[in-house]
K.L.:
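Please read through the structure below; I'll follow up with questions.
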Amino acid sequence: MIKKLWLLLFREELDIQQRLLNLILSAAFVGGTFSLIVTIAIGGYSSAIVTAVLLAVVLVSLYISVVLNLTNVAATLITGMANIVIFPWMYFNSGGMHSGMPIWFVMGLIFTWLTLKGKSCYIMFVVNLIVMEGTIMFGSSHPELIKKMPESFMQQDILQTIAAVSTIIGVIFKYQTYVYEKQRKEILSKDRELRVANEAKSQFLANMSHEIRTPINGIIGMNNMLLEELDENNVDAVREYAKNVNSASQSLLSIINDILDISKIESGKMELVPVEYDLFTVLNDCYNMTQIRAQKKKLELDMDIDKNLPSILYGDEVRIRQIINNFLSNAVKYTHKGKVSLRMKEESRNDDEIVLRIEIEDTGIGIKEEDKDKLFLNFSRLDEKKNRNIEGTGLGLSLTNKLVELMEGSIDVKSVYGQGSTFTVAIPQKIVNKKPIGDFDKKYQAYIKSSNKDVKIPKMPEAKILVVDDVEMNIKVFKGLLKKTKAKIDDAISGEECISKVFEKKYDIIFLDHMMPEMDGVETLKHIQNMESHKNVDTPVVVLTANAIAGAREEYMKDGFVDYISKPVQQEELLSMICKYIPSELVIKDEE
Ligand code: ADP
């Protein structure tokens, strides 16, 4: 109750003048009530009536200030009441100039300055001053109207007034200093926070610029070498450089994806997309990705997967891969010799849910005990001097941690500095098929055998595809990815051109870029849907987009696209998208 009242009167969003007025009014209310009780007790009924009227004015002013929030009205009322009515009345009734009244006049005028705002402050001050000086002048020309008081009363009155007025002004001054100091400290601490955030941002930008430059450098350099080798017709070197361009591009993409993911998580826009997935495929892909890096550093990569884990699970497959890959890639990155092991088993399980326990152990540089707290902070990299030559953004673990949190899992780190680290993650996943995953190594060998056979690209010479993109290079890449399918691909470089093409020819599928100048993909699709008698009323339209933010998929579906494919377009994804939407008789799978 007291706390509520305190907040009501002195809450931080009120400005200092309003809080001061409330303070003075509350003090006047408490003091007035006390004096009313005393006056009634000693039988001074006429003074009791005056005090009661004053108390009523104080209460009305409090109501106007606190409830109606009209500070200036309340301040005008109370200062007017004090300076124009009470003080002149007291001047004539308690001994005039020789009493404590002149001190009260000064107090009343200061009070006007303190509680009123804007023009009304100056007006009220002048009015009060005129009334007070008028009172004194009137008193000196009509001394008979001033009630004579005994000398001892006057002295006591002056002493009391000095004590009361100096206390009131002192308290007001202290309160103002308190509020000012509090605000100053808040500003200083905000300033410090902002400076720290700014430093982290600058550090991050510097890191990023380095991280992004490295693969771009690789891409440009490799591409130049590739062009030179092309002139000399050196196919093997060209293949090697092209592969390097590919891997540099992938690492650039993964940095950008990390930044996007962090910003999605921080703005609360990250959503999990649960799907059914094959656990072996996930582990297999993670193994393959890490194996190449481990081999380069001559590290052993060991997989210890519990045979009895269910083979098909339901969860966010993409994020599970991301988590495992991140730990594995760190383990390889921060290990110079020895081995990296991935162990997976069940932590607990019931009929339809399993908590996967994933342990990634390395024999690497380890983490100091005091650094463990910093491990999961954005942009934080440990042992910067020692790890100067190891590339990294400091985003991976922070992102992984947030993803695991989002999946309602947990992370634990054990490490001995100089000897190695073990990261353990526990993540709950739904079970779709309890059939055991079986022996990982055997399955992996079988996979290697089958994958050594060439991956076949389906042929679809009769398929008619339209791709719409305002950037010609994107159209070239798109056509290049589909070259081996022999599909008939038309292109358009604007929404308008797309619209005229849908009147000319029937397509089996249309890929439409979202961001285009003038008419964008969404508008173009609307036009196509609203037009009658063209040849592509039933043609599936897939949106091509670099817009990887969460919720985008649903938005595109609402707009009428059948699906979406994000840029940079990956060949495998593009092929499976086409096979999904065009009539199956157009796809010849077993040719060659
Ligand atoms: P980075 O991109 O720098 O690797 P991470 O967020 O993935 O960023 O990791 C943050 C820091 O934690 C790294 O810079 C490194 O100092 C430390 N770290 C992460 N994994 C390991 C590990 N397996 N062994 C030793 N140190 C590690």
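Ligands are counted one by one from 1 in listed order, and the atoms in each one are counted from 1 as well.
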K.L.:
What atoms of ligand 1 come within less than 4.0 Å of a heavy atom belonging to Gly366?
P.N.:
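Ligand 1 atoms under the 4.0 Å threshold to Gly366: 25 (C).
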K.L.:
Ile365 versus ligand 1: do any nitrogen or oxygen atoms come within less than 3.5 Å of each other?
P.N.:
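The answer is no, given that Ile365 and ligand 1 share no N or O pair closer than 3.5 Å.
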K.L.:
A quick test of your reading: do over 12 heavy atoms of other residues, nucleotides or ligands sit less than 6.0 Å from CG of Asp351?
P.N.:
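At most 12 heavy atoms, drawn from other residues, nucleotides or ligands, come within 6.0 Å of this atom.
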K.L.:
Partners of Tyr507 by ring pair (Phe, Tyr, Trp, His ring centres under 6.0 Å), sequence neighbours excluded?
P.N.:
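For Tyr507 there are no ring pair (Phe, Tyr, Trp, His ring centres under 6.0 Å) partners, ignoring immediate neighbours.
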K.L.:
Check contact between Lys333 and ligand 1, using heavy atoms of the residue and a distance below 4.0 angstrom.
P.N.:
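The answer is yes: ligand 1 sits under 4.0 Å from a heavy atom of Lys333.
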K.L.:
Taking the six-membered ring for Trp and the full ring for Phe, Tyr or His, determine whether the centres of His514 and Tyr556 are under 6.0 Å apart.
P.N.:
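Aromatic pair counts; centres sit under 6.0 Å.
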K.L.:
Just to be sure I read this right, does ligand 1 sit under 4.0 Å from the backbone of Asp362, its side chain, both, or neither, counting only heavy atoms?
P.N.:
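Asp362 to ligand 1: side-chain contact only, backbone stays beyond 4.0 Å.
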K.L.:
Taking both backbone and side-chain atoms of Leu397, is any N or O found less than 3.5 Å from an N or O belonging to ligand 1?
P.N.:
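Between Leu397 and ligand 1 (N or O atoms, distance only) the closest approach is under 3.5 Å.
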K.L.:
Going from CD1 on Ile367 to CZ on Phe423, what distance comes out if it is rounded to the nearest 0.5 angstrom?
P.N.:
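Result: 4.0 Å between the selected atoms.
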K.L.:
Taking non-hydrogen atoms only, is Phe423 closer than 4.0 angstrom to ligand 1 via side chain, backbone, both or neither?
P.N.:
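Side chain only; the backbone of Phe423 stays clear of ligand 1.
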K.L.:
Let me confirm one number: the CE-CG distance from Met344 to Leu283, rounded to the nearest 0.5 Å.
P.N.:
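Nearest 0.5 Å value for the CE-CG distance: 4.5 Å.
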K.L.:
For a side-chain hydrogen bond (donor to acceptor under 3.5 Å, both in side chains) with Arg321, tell me which candidate from Asp285, Asn326, Asp316 qualifies.
P.N.:
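When Asp285, Asn326, Asp316 are each tested with Arg321, the side-chain hydrogen bond (donor to acceptor under 3.5 Å, both in side chains) holds only for Asp285.
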K.L.:
As an exercise, identify every atom of ligand 1 less than 4.0 angstrom from a heavy atom of Leu375.
P.N.:
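Here the atoms of ligand 1 in question are 12 (O), 17 (C).
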K.L.:
Identify which of Ile367, Val332, Leu328 has a heavy atom lying nearest to atom 26 (N) of ligand 1.
P.N.:
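Answer by nearest heavy atom: Ile367.
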K.L.:
Can you tell me how far OG of Ser421 sits from CG of Asn330, rounded to the nearest 0.5 angstrom?
P.N.:
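Separation between the atoms: 9.5 Å.
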K.L.:
Heavy-atom count around Glu572 CD within 6.0 Å, excluding the residue itself: above 12?
P.N.:
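Atom CD in Glu572 is not packed in, count stays at 12 or less.
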K.L.:
Ligand 1 and Asn330, any nitrogen or oxygen pair closer than 3.5 angstrom?
P.N.:
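N/O-N/O distance below 3.5 Å exists for this pair.
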K.L.:
If you count the atoms of ligand 1 from 1 in the order shown, which ones are under 4.0 Å from a heavy atom of Leu395?
P.N.:
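Here the atoms of ligand 1 in question are 6 (O), 8 (O).
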K.L.:
When you measure from the heavy atoms of Gly364 to every atom of ligand 1, does any distance fall below 4.0 Å?
P.N.:
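It does not, in that no heavy atom of Gly364 comes within the 4.0 Å cut-off of ligand 1.
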K.L.:
Under 4.0 Å from a heavy atom of Ser421: give me the atoms of ligand 1 that qualify, with their elements.
P.N.:
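So the answer, numbered in order with elements, is 24 (N).
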